Undergrad: 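Before I ask anything, let me first share the structure, which is written out below as structure tokens.
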Amino acid sequence: YPTWKRTLTRRAREAQMNRFCKAQTIQRRLEEIEVTFRELEQQGIKLEKLLRDEDGTPADQKTQWMNQLLYLVQKKNSLMSEESDLMIAVQELKLEEQQWQLDHRLRFYMNMEESLKTPEDRVAEQEILAQLVEVVNKRNVLIHIQEEKRLSEL
């Protein structure tokens, strides 16, 4: 095995491990967000009950409960936005992995001697290339969505 092939193989494994670690981190954060959603929901239910059963409650207390409820809604919206970003990141990781696999398969065909390629090999190479372009376009769409979201938040 030449040195450059070992280096490529090592880098591919490192990239795959990085994607795996990112996926685990994202999954953990999504689970944390889900738990926080449930907690916020429970707090919101308590506050709504307090606001509905407000007989004889001072106005200051009602205002404080409303402010707490609005804070919970704001926090929930913030978590939903983060969850949306994480879901986009998950899709991006999936597409990145798919692109890596297609690229690997395409290299196999491109490294073949042109005179040794069968018509089936040429067709397979073209199909893989088309799939690769499609994956790159999907990744571009995700990046565009992220950029639009970032601009709208500003």
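Computed from a predicted model, the values in this text were never measured in an experiment.
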Undergrad: Given the rule in the salt bridge (Lys or Arg N to Asp or Glu O under 4.0 Å) test, do E83 and R29 qualify, once you have shown the distances and angles that lead to the verdict?
TA: CA-CA 9 Å; E83 184 181 39; R29 183 61 187 142; over 6 Å; no

Undergrad: Please step through salt bridge (Lys or Arg N to Asp or Glu O under 4.0 Å) for the pair R28 and E31, ending with a clear verdict.
TA: CA-CA 5 Å; R28 228 177 288 121; E31 290 168 1; over 6 Å; no

Undergrad: Starting from the C-alpha separation in whole Å, work towards a yes-or-no answer on side chain to side chain contact (heavy atoms under 4.5 Å, CB included) for W100 and E97.
TA: CA-CA 5 Å; W100 178 81; E97 178 68 23; 3.9 Å; yes

Undergrad: K75 versus L72: any side-chain heavy-atom pair under 4.5 Å?
TA: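 No, side chains not in contact.
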
Undergrad: Do I33 and M80 belong to the same hydrophobic cluster, where Ile, Leu, Val, Met, Phe, Trp and Tyr are linked whenever their side-chain heavy atoms lie under 4.5 Å apart, directly or via other members?
TA: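 Yes; M80 is reachable from I33 via cluster members.
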
Undergrad: Would you call E153-R150 a salt bridge at under 4.0 Å N-O?
TA: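 Here E153 does not pair with R150 in a salt bridge, since their nearest N and O are not under 4.0 Å apart.
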
Undergrad: Provide the closest heavy-atom pair for R122 versus K117 in the form atom of the first, atom of the second, distance.
TA: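 Looking at all heavy atoms of both residues, the closest pair is NH1-O, 2.9 Å.
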
Undergrad: To the nearest 0.5 Å, tell me how far L40 CG sits from L69 CG.
TA: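 Those atoms lie 11.0 Å apart.
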
Undergrad: Crowded around K46 NZ? As in, over 12 foreign heavy atoms under 6.0 Å?
TA: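 Atom NZ in K46 is not packed in, count stays at 12 or less.
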
Undergrad: Stepwise, does the side chain to side chain contact (heavy atoms under 4.5 Å, CB included) test hold for M66 with L51?
TA: CA-CA 8 Å; M66 281 300 292; L51 284 169; 3.4 Å; yes

Undergrad: Between Y109 and D121, which heavy-atom pair has the shortest distance, and what is it?
TA: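 Looking at all heavy atoms of both residues, the shortest contact is CE2-OD1, 3.6 Å.
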
Undergrad: How many angstroms lie between CG in L79 and CD in E32, if you round to the nearest 0.5 Å?
TA: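 Answer rounded to 0.5 Å: 10.5 Å.
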
Undergrad: Do the side-chain N and O atoms of E127 and Q131 include a donor-acceptor pair separated by under 3.5 angstrom?
TA: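 Per modelled atom types, E127 and Q131 side chains form no pair under 3.5 Å.
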
Undergrad: Quick check: closest heavy atoms across L95 and V135, and the distance to 0.1 Å?
TA: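 Closest pair (atom of L95, atom of V135, distance): O-CG1, 3.4 Å.
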
Undergrad: How many angstroms lie between CD1 in I88 and CG in L93, if you round to the nearest 0.5 Å?
TA: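 Here the interatomic distance stands at 12.5 Å.
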
Undergrad: Above 12 or not: heavy atoms from other molecules or residues under 6.0 Å from CZ of R10?
TA: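 It does: R10 CZ has more than 12 such atoms within range.
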
Undergrad: Just one of Q91, E134, Q98, Q99 clears the side chain to side chain donor-acceptor pair (under 3.5 Å) bar with R139, so which one?
TA: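 Considering Q91, E134, Q98, Q99, a side chain to side chain donor-acceptor pair (under 3.5 Å) with R139 is found only for Q99.
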
Undergrad: Which value, rounded to the nearest 0.5 Å, describes the distance between L47 atom CG and W65 atom CH2?
TA: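 That separation rounds to 8.5 Å.
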
Undergrad: A quick test of your reading: do over 12 heavy atoms of other residues, nucleotides or ligands sit less than 6.0 Å from NZ of K149?
TA: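 Yes.
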
Undergrad: Apply salt bridge (Lys or Arg N to Asp or Glu O under 4.0 Å) to D53 and K49, showing your working.
TA: CA-CA 6 Å; D53 302 332; K49 284 181 182 178; over 6 Å; no

Undergrad: Test Q43 against Q68 for side chain to side chain contact (heavy atoms under 4.5 Å, CB included), laying out the working first.
TA: CA-CA 9 Å; Q43 291 174 6; Q68 287 175 349; over 6 Å; no

Undergrad: Side chains of D60 and T63 only: does a donor on one sit below 3.5 Å from an acceptor on the other?
TA: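 Per modelled atom types, D60 and T63 side chains form no pair under 3.5 Å.
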
Undergrad: Can you name the nearest heavy-atom pair linking L102 to I128, along with the distance?
TA: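 Looking at all heavy atoms of both residues, the shortest contact is O-CG2, 3.4 Å.
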
Undergrad: Who are the side-chain hydrogen bond (donor to acceptor under 3.5 Å, both in side chains) partners of E96, not counting sequence neighbours?
TA: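 With neighbours one apart ignored, the set is empty.
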
Undergrad: With rounding to the nearest 0.5 Å, note down the distance linking CD1 in I26 to SG in C21.
TA: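 Answer for the CD1-SG pair, I26 versus C21, is 11.5 Å.
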
Undergrad: Run the side-chain hydrogen bond (donor to acceptor under 3.5 Å, both in side chains) test against R105 and tell me which residues pass, sequence neighbours left out.
TA: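 R105 satisfies side-chain hydrogen bond (donor to acceptor under 3.5 Å, both in side chains) with no residue once adjacent residues are dropped.
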
Undergrad: Hey, any chance V136 and I145 share a hydrophobic cluster, counting ILVMFWY side chains that come within less than 4.5 Å of each other, even indirectly?
TA: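 Cluster IDs for V136 and I145 differ.
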
Undergrad: Within this structure, what is the CE-CG distance for the pair M110 and D103, rounded to the nearest 0.5 Å?
TA: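 M110 atom CE to D103 atom CG measures 9.0 Å (nearest 0.5 Å).
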
Undergrad: So, for L106 and L129, which heavy atoms are closest and what is the spacing to 0.1 Å?
TA: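 Residues L106 and L129, closest heavy atoms: CD2-CD1, 3.8 Å.
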
Undergrad: For atom CE of M112, is the number of surrounding heavy atoms from other residues, nucleotides or ligands below 6.0 Å larger than 12?
TA: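 Atom CE in M112 is crowded, with more than 12 foreign heavy atoms closer than 6.0 Å.
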
Undergrad: Check this for me: Q74, atom CD, are more than 12 non-hydrogen atoms of other residues, nucleotides or ligands nearer than 6.0 Å?
TA: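 Atom CD in Q74 is not crowded, with 12 or fewer foreign heavy atoms closer than 6.0 Å.
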
Undergrad: With sequence neighbours left out, what residues match E92 under side-chain hydrogen bond (donor to acceptor under 3.5 Å, both in side chains)?
TA: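 side-chain hydrogen bond (donor to acceptor under 3.5 Å, both in side chains) list for E92, sorted by chain: empty.
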
Undergrad: Indicate yes or no: at least one non-hydrogen side-chain atom of L30 is less than 4.5 angstrom from one of M87.
TA: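 Yes, side chains in contact.
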
Undergrad: Taking the side chain from N111 and the backbone from R107, do they hold a donor-acceptor pair closer than 3.5 Å?
TA: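 Yes, N111 side chain to R107 backbone: donor-acceptor pair under 3.5 Å.
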
